[in-house]
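Structure first, commentary second.
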Amino acid sequence: MEQWITHFMEQFGYWGIAFLIFLENIFPPIPSEIILTFGGFMTTHSNLSFIGVTLTSTVGSIVGAISLYGIGAWIGERNLYKIVDRYGKIIRVKRSDLDKTLHWFERYGYWTIFFCRFVPLLRSLISIPAGLTRMNMPLFLLFTTIGTLIWNIVLIYLGQTVGSNWHVIVHYMDIYSKMIYIVLIILVIFIIWKWLKRQRKHKQN
């Protein structure tokens with residue numbers, strides 16, 4: 001995949017970067033680390049500029065985020081509650097559980113959007129619950145843009161700084177991603193354990 005990504009970027013320049021970053025948001029397994037660091041490297045030996053790569057990658061990311069927001073809005077809270085009403089007993093989720101989750105997201109959602117832009121996988125998927133809760137679009141775009149800009153600028157700058165050794169940055173970013181995945185897995189296991197523990201307590205009562 002790496003070879004295809006770099007070849008595509010060399011062939012289509014800014015448009016290629018914007019398109020690949022858009023795809024990365026819709027299809028998270030495409031690594032933004034490769035796109036951005038190689039984009040930074042390209043500023044050292046092509047007519048692409050740091051500002052140009054930053055702007056086009058950010059635009060591609062925002063368009064992707066808006067698309068996922070739209071999917072979440074299309075599903076909507078109403079359909080989510082219908083799923084809980086219909087299958088809640090099977091998946092052991094009650095309306096009150098969903099109420100608490102949505103309330104939490106409505107309260108802390110904007111900062112969640114911002115910080116998740118630095119977390120692999122979540123940086124893309126977080127736009128869906130934002131759409132589900134119909135988060136204020138201008139604020140969604142504001143926090144998305146700020147978080148995305150920081151992420152993009154850092155990786156593009158690193159790619160530009162190390163030049164032809166941009167693979168080194170990708171290597172360390174790969175380690176960072178794996179560490180994040182491990183933390184997420186542990187967190188999911190902990191949440192499931194807490195949930196099962198609560199269910200047993202309810203049955204005993």
Side-chain angles (χ1 to χ4, degrees), residues 1-71 109-128 130-131 135-181:
M1 180 179 287
E2 180 181 309
Q3 188 175 3
W4 175 80
I5 289 174
T6 54
H7 178 72
F8 191 88
M9 290 171 63
E10 288 176 329
Q11 187 173 1
F12 296 101
Y14 291 130
W15 288 106
I17 292 169
F19 178 71
L20 286 173
I21 287 292
F22 166 77
L23 278 185
E24 181 264 337
N25 272 263
I26 304 298
F27 189 65
I30 296 178
S32 64
E33 302 91 290
I34 294 176
I35 303 168
L36 297 172
T37 51
F38 185 72
F41 166 57
M42 286 180 69
T43 64
T44 65
H45 76 285
S46 70
N47 60 351
L48 300 185
S49 68
F50 181 88
I51 293 177
V53 173
T54 300
L55 290 178
T56 50
S57 61
T58 301
V59 168
S61 183
I62 291 172
V63 172
I66 291 173
S67 301
L68 291 179
Y69 179 100
I71 291 173
Y110 297 114
W111 288 111
T112 303
I113 291 291
F114 173 77
F115 286 111
C116 279
R117 294 302 168 191
F118 309 109
V119 181
L121 188 63
L122 291 185
R123 64 190 307 271
S124 300
L125 300 180
I126 193 61
S127 299
I128 296 177
M135 178 181 285
N136 180 280
M137 178 59 83
L139 287 176
F140 168 76
L141 289 176
L142 175 64
F143 281 85
T144 294
T145 301
I146 295 173
T148 299
L149 263 177
I150 294 172
W151 175 264
N152 291 356
I153 288 172
V154 168
L155 289 181
I156 294 168
Y157 173 76
L158 290 173
Q160 185 183 62
T161 301
V162 300
S164 58
N165 293 319
W166 63 275
H167 282 97
V168 175
I169 305 300
V170 174
H171 171 69
Y172 284 110
M173 289 305 300
D174 185 53
I175 295 174
Y176 165 72
S177 297
K178 287 176 181 176
M179 290 174 63
I180 292 294
Y181 292 147

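By convention here, the first residue in the shown sequence is residue 1.
- Using modelled atom types, one finds a donor on one side chain and an acceptor on the other under 3.5 Å when comparing Gln160 with Thr43.
- Using modelled atom types, one side-chain atom of Arg123 and one backbone atom of Arg117 make a donor-acceptor pair closer than 3.5 Å.
- Taking CG of Asn152 as the reference point, atom OG of Ser32 lies at 7.5 Å (rounded to 0.5 Å).
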Checklist entry - Yes or no on side chain to side chain contact (heavy atoms under 4.5 Å, CB included) for Val59 and Ile21, after CA distance, side-chain angles and deciding distance? => result CA-CA 9 Å; Val59 168; Ile21 287 292; over 6 Å; no

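- Atom-to-atom distance recorded for Thr56:OG1 and Leu48:CG is 8.0 Å, nearest 0.5 angstrom.
- Residue Phe50 places its CZ atom among more than 12 non-hydrogen atoms of other residues, nucleotides or ligands, all under 6.0 Å distant.
- In this structure the side chain of Tyr14 reaches within 4.5 angstrom of the side chain of Val53, judged on heavy atoms.
- Separation of atoms CG (Leu149) and OG1 (Thr144) is listed at 11.0 Å; rounding is to 0.5 Å.
- For the atom pair CD1 of Ile113 and OH of Tyr69, the computed distance is 9.5 Å after rounding to the nearest 0.5 Å.
- Below 30°, between 30° and 60°, or above 60°: for Phe118 and Trp151 the angle between ring planes is between 30° and 60°, a tilted geometry.
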Checklist entry - Under the side chain to side chain contact (heavy atoms under 4.5 Å, CB included) criterion, do Ile156 and Thr37 qualify, and how do the steps go? => result CA-CA 5 Å; Ile156 294 168; Thr37 51; over 6 Å; no

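- Note: Leu141 CG to Asn136 CG = 9.0 Å, rounded to the nearest 0.5 Å.
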Next on the checklist: As a quick check of understanding, evaluate side chain to side chain contact (heavy atoms under 4.5 Å, CB included) for Thr6 and Ile35, giving each step before the final call.
Outcome noted: CA-CA 7 Å; Thr6 54; Ile35 303 168; over 6 Å; no

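- A distance-only check finds no donor-acceptor pair linking the side chain of Tyr110 to the backbone of Met135 [under 3.5 Å].
- Here the OG-CG distance, from Ser67 to Asn25, works out to 8.5 Å after rounding to the nearest 0.5 Å.
- Taking the six-membered ring where tryptophan is involved, the planes of Phe114 and Phe143 are perpendicular, since the angle between them exceeds 60° and thus also 30°.
- Aromatic ring centres of Phe12 and Phe8 lie closer together than 6.0 Å.
- A pairwise comparison of heavy atoms in Phe140 and Ser127 identifies CZ-OG, 3.7 Å as the closest pair.
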Next on the checklist: Between Phe22 and Ser57, is the side chain to side chain contact (heavy atoms under 4.5 Å, CB included) condition met? List the steps.
Outcome noted: CA-CA 8 Å; Phe22 166 77; Ser57 61; over 6 Å; no

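- Of all heavy-atom pairs between Thr148 and Ser61, the closest is CG2-OG, 3.3 Å.
- Taking every heavy atom of both residues into account, Met42 and Met9 meet most closely at CE-O, 3.5 Å.
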